[in-house]
Amino acid sequence: MRVTTPLPAKGLLARSVEELRRRSNIALRMEAVKGPLGPRPLYEFTHAASVQDCVLMSDASIGGSSRSHLDFVAGDDSAANDSRPPPSYARFHGRISTSLPAHRPNVQRSGYAAFRTPDQRPTLFGRSVWDIDPYAYLALRIKSDGRSYFVNLQTEAVEPTDLHQHRLFAKRPGQWETVLIKWNDFVRTNHGFVVEPQTEILRQKVRTVGIGLTDRVEGPFELCIEKVWATNEVAGDATVAKSAACELKNKRGEKIQWQT
């Protein structure tokens, strides 16, 4: 494995220039009228800092026994039989435990782990968010162990603890694959429960993307991820996840109507 030198974080001016260049290209190519000419990268695990900047979580924060790690992997040749091993990626791994902390009787539920991308740094144009409104899909390049992971989105919502979630359906566990999820198929949740009213995601103000494991099945887990992007194209080897909107139920088991 080669040693990767962390890249220094971009300053305010550099980020502002980069954002101005992006906006200028959209205007010059008339993408607002014709639509985007290609996919938009959101987050890529290309160097160690891209992993170190992410926020890692588990039930250890409430006294639980689950453990989670997020490692940067570069120049790894152990996946020679995979469909297309990337040059670098993040490895999200650890162990889930559902044991409750003995010293905290108020904790009634345990057994989860997650990570998310860092908050985007501000520019001279204001707080940075992803405007994915011109795109139909969120795309992820992953290698899963087959467990029931969720993709979590944070937006500039009125309720800051709201998440929009969707199952990460891997069709080929143990192999690299591309999974596409329609932006409008994400489900609004709060603290793990589906909430009402169900509305479409705030597509112009997406803050972070993350992956969590909440199946509460004890044992080790491992999911590798190369990058996340927004796109309108369905590549030949990509899998489009089925909609979860038709299966919505609240914590009382009652069906929830999707509102547009």
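Note: hydrogens, waters and symmetry copies are ignored here, and every other heavy atom, side chains too, is used. Not measured: the values here are computed from a predicted model.
Counting heavy atoms from C-beta outward, Lys143 and Glu177 have side chains that stay 4.5 Å or more apart. For the pair Ser88/Phe45, no side-chain contact is recorded, criterion being any heavy-atom separation below 4.5 Å from C-beta on. Side-chain contact between Val151 and Phe186: present, with at least one pair of heavy atoms (C-beta onward) separated by less than 4.5 Å. Side-chain contact between Val179 and Leu168 is present, with at least one heavy-atom pair separated by less than 4.5 Å. At a threshold of 4.5 Å between non-hydrogen side-chain atoms, the residues Leu140 and Ile211 count as touching.
Every pair passing ring pair (Phe, Tyr, Trp, His ring centres under 6.0 Å) that includes a residue from residues 92-120 is listed here, sequence neighbours excluded: His69-His93, Phe92-Phe115, Phe92-Phe221. Applying the salt bridge (charged side-chain N to carboxylate O under 4.0 Å, His left out) rule to pairs touching residues 105-116 yields Arg116-Asp119, sequence neighbours excluded.
With sequence neighbours excluded, the residues that form a salt bridge (charged side-chain N to carboxylate O under 4.0 Å, His left out) with Glu222 are Arg91. Partners of Arg147 according to the side-chain hydrogen bond (donor to acceptor under 3.5 Å, both in side chains) rule, which considers only residues two or more places apart in sequence or in another chain, are Asp215. Not a single side-chain hydrogen bond (donor to acceptor under 3.5 Å, both in side chains) links Thr117 to another residue, sequence neighbours left out. Partners of Pro118 according to the side chain to side chain contact (heavy atoms under 4.5 Å, CB included) rule, which considers only residues two or more places apart in sequence or in another chain, are Tyr43, Asp53, Cys54. By the side-chain hydrogen bond (donor to acceptor under 3.5 Å, both in side chains) test, Gln154 pairs with Thr208, sequence neighbours left out. With sequence neighbours excluded, the residues forming a side chain to side chain contact (heavy atoms under 4.5 Å, CB included) with Ala235 are Asp237, Ala238, listed by chain and number. The side chain to side chain contact (heavy atoms under 4.5 Å, CB included) check on Ser65 picks up Ser97, Ser99, with sequence neighbours excluded. For Asn190, the side-chain hydrogen bond (donor to acceptor under 3.5 Å, both in side chains) criterion is met by Thr161, Asp162, not counting sequence neighbours.
Distance OG1/Thr178 to CH2/Trp229: 4.5 Å, rounded to 0.5 Å. Rounding to the nearest 0.5 angstrom, the gap separating the CZ atom in Arg67 from the CG atom in Leu56 is 11.0 Å. Atom NE2 of residue His191 and atom CG of residue Leu163 lie 9.0 Å apart, to the nearest 0.5 angstrom. Between the CH2 atom of Trp130 and the CG atom of Leu153 there is a distance of 9.0 Å, given to the nearest 0.5 Å. Rounding to the nearest 0.5 Å places CZ of Arg207 at 11.5 Å from CG of Leu202. Distance check, rounded to the nearest 0.5 Å: CD1 of Ile225 to CG of Leu70 gives 9.5 Å.
Closest approach of Pro134 to Asn232, counting heavy atoms only: O-ND2, 3.1 Å. The shortest non-hydrogen separation linking Ser144 to Ala170 is CB-CB, 3.7 Å. In terms of heavy atoms, Ile181 sits closest to Ala241 at CG1-CB, 4.0 Å. Counting all heavy atoms, side chain and backbone alike, Pro220 lies closest to Arg95 at CD-NH2, 3.6 Å. Of all heavy-atom pairs between Ala114 and Gly212, the closest is CB-CA, 3.6 Å.
A donor-acceptor contact closer than 3.5 angstrom is absent between the side chains of Arg216 and Thr98. At a cut-off of 3.5 Å, with distance as the only test, a side-chain donor of Asp145 or Tyr149 sits close to an acceptor on the other residue. Using modelled atom types and a 3.5 Å distance limit, the side chains of Trp176 and Glu226 yield no donor-acceptor pair. Residues Gln165 and Asn152 have side chains that bring a donor and an acceptor to within less than 3.5 angstrom of each other.
Taking Ile, Leu, Val, Met, Phe, Trp and Tyr as members and joining any whose side-chain heavy atoms lie under 4.5 Å apart, directly or through other members, the hydrophobic cluster of Val240 also contains Tyr137, Leu180, Val234.
Note: the hydrophobic cluster containing Ile96 does not contain Phe150 (ILVMFWY, side chain heavy atoms under 4.5 Å, direct or indirect links).
No donor-acceptor pair closer than 3.5 Å links the side chain of Asp131 to the backbone N or O of Val206.
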message = Please evaluate residues Arg167 and Ser148 with respect to the criterion side-chain contact (heavy atoms from CB on, under 4.5 Å), reporting the C-alpha separation (whole Å), side-chain torsions for both, the decisive distance (0.1 Å), and the verdict.
response = CA-CA 7 Å; Arg167 272 284 306 278; Ser148 300; 3.9 Å; yes
Verdict with reasoning, Val228 to Leu138, per side-chain contact (heavy atoms from CB on, under 4.5 Å) = CA-CA 7 Å; Val228 183; Leu138 171 69; 3.3 Å; yes
